[in-house]
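Counting convention: from 1, in listed order, for ligands and their atoms alike.
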Amino acid sequence: MKIIHTINELSSEISLRRNKGDKIGFVPTMGALHDGHLSLIECARDHSSCIVVSIFVNPTQFAPNEDFGSYPRMQESDAAKLKLAGVDILFLPTEDDLYPDGKDCNIKMGDAAKGLEATFRPTHFDGVVNVVSRLFNAVKPDIAIFGEKDFQQLQVIKEMTAFLQMPITIIGAPIYRDNHGLALSSRNAYLSDSEIEIARSLNKILRQVCQTRNLKAAKDELLSIGFDKIDYIEMRWNRILAAAWLGKTRLIDNITIK
Ligand code: AMP
């Protein structure tokens with residue numbers, strides 16, 4: 001696995017791989033890698049012959065009151081996991097390299113970026129689109145994989161790629177869960193043992209809503225079993241999507257309506 005820190009070096013390496021006939025698959029992450037991230041890499045392997053993973057904790061997608069400073073950073077163990085997973089290139093850009101002329105972004109947001117997450121994190125998708133467009137320009141992948149865990153983000157990226165007419169196929173990968181149905185997330189590391197027990201019921205309640213369609217009852221149940229605040233539980237894209245707080249940790253999850 002090659003570890004690359006600059007866009008220049010990355011461009012040369014990608015050109016080499018492309019000239020050899022490789023199809024480039026890209027998995028952008030913020031690190032603190034878990035099996036959910038690794039499942040995205042498996043998905044990339046099905047669609048490409050050279051896998052690029054980036055790790056960058058992107059400041060522009062965090063609001064000032066959010067957890068940018070405390071977000072888990074564990075580059076060495078992440079690199080070891082990626083090497084074991086057979087990743088070809090690990091891209092570790094610096095802030096200066098990705099944002100050489102400041103952090104402005106003039107990409108028009110579409111309908112996917114309205115409501116849900118955007119209501120509670122109004123600058124979040126601007127930051128996501130800002131960094132992903134820059135990462136796409138740096139990597140120039142043929143395909144890019146995003147998790148359905150962040151289902152709204154996946155829709156926003158699809159809209160952005162179409163809006164910018166980028167020749168990149170965006171593929172959504174299924175949510176990877178633990179044995180109790182909890183969607184894996186780097187932020188689960190913030191949870192205490194008792195909070196993890198409560199967190200595990202989020203998916204169970206989403207599955208119940210699929211049957212009952214009673215969003216209000218689901219919200220009340222989440223609060224009664226120990227969630228501190230529900231940002232939203234809503235239906236869109238034939239899914240039920242939710243965001244809820246356990247102490248200082250914000251969890252999101254979603255499920256297809258069957
Ligand atoms: P992050 O490092 O949290 O920014 O996530 C990087 C990518 O991994 C995003 O496309 C996420 O949607 C995806 N991802 C995170 N957790 C999971 C999971 N449990 N299952 C599937 N994809 C995930």
> Do R250 and D231 meet the salt-bridge criterion of a basic N to acidic O distance under 4.0 Å?
Replying inline: yes
> Does a side-chain N-to-carboxylate-O contact under 4.0 Å join E9 and K2?
Replying inline: no
> Which residue pairs satisfy the salt bridge (Lys or Arg N to Asp or Glu O under 4.0 Å) criterion with at least one member in residues 160-180, sequence neighbours excluded?
Replying inline: R177-D253, D178-R200
Which of the ligand 1 atoms, numbered from 1, are nearer than 4.0 Å to a heavy atom of [X]:
| X | result |
| --- | --- |
| L184 | 16 (N), 17 (C), 18 (C), 19 (N) |
| F146 | 10 (O) |
| P174 | 20 (N), 21 (C) |
| L40 | 7 (C), 8 (O), 10 (O), 13 (C), 21 (C), 22 (N) |
| T29 | 2 (O), 6 (C) |

> Do K219 and K216 come within less than 4.5 Å of each other through their side chains, counting heavy atoms only?
Replying inline: no
Between [X] and ligand 1, does any nitrogen or oxygen pair lie at a separation below 3.5 Å?
| X | answer |
| --- | --- |
| S186 | no |
| I175 | no |
| D150 | yes |
| G147 | yes |
| K149 | no |

> Could a heavy atom of P28 be found less than 4.0 Å from some atom of ligand 1?
Replying inline: yes
> Quick one: does R177 get within less than 4.0 Å of ligand 1, heavy atoms only?
Replying inline: no
>> Just to be sure I read this right, does ligand 1 sit under 4.0 Å from the backbone of H37, its side chain, both, or neither, counting only heavy atoms?
In response: side chain
> Between V27 and ligand 1, which part of the residue brings a heavy atom under 4.0 Å of the ligand: side chain, backbone, both or neither?
Replying inline: neither
In the protein, what heavy atom is nearest to [atom], and what distance, to one decimal place, separates them?
| atom | answer |
| --- | --- |
| atom 15 (C) of ligand 1 | H34 CE1, 4.0 Å |
| atom 20 (N) of ligand 1 | Y176 N, 2.8 Å |
| atom 4 (O) of ligand 1 | M30 CG, 3.6 Å |

Donor-acceptor contact present, side-chain [X] to main-chain [Y], <3.5 Å:
| X | Y | answer |
| --- | --- | --- |
| D78 | G31 | no |
| S12 | N8 | yes |
| N58 | V131 | no |

> Hey, what do you get for CG (D22) to OG (S15), rounding to the nearest 0.5 Å?
Replying inline: 12.0 Å
>> Regarding Y232 and E117, do their side chains bring together a donor and an acceptor under 3.5 Å, going by distance alone?
In response: yes
> Which residues pass the ring pair (Phe, Tyr, Trp, His ring centres under 6.0 Å) test with H124, sequence neighbours left out?
Replying inline: none
> Under the criterion side-chain contact (heavy atoms from CB on, under 4.5 Å), which of E234, Q152, R239, R236 is the partner of N254?
Replying inline: R239
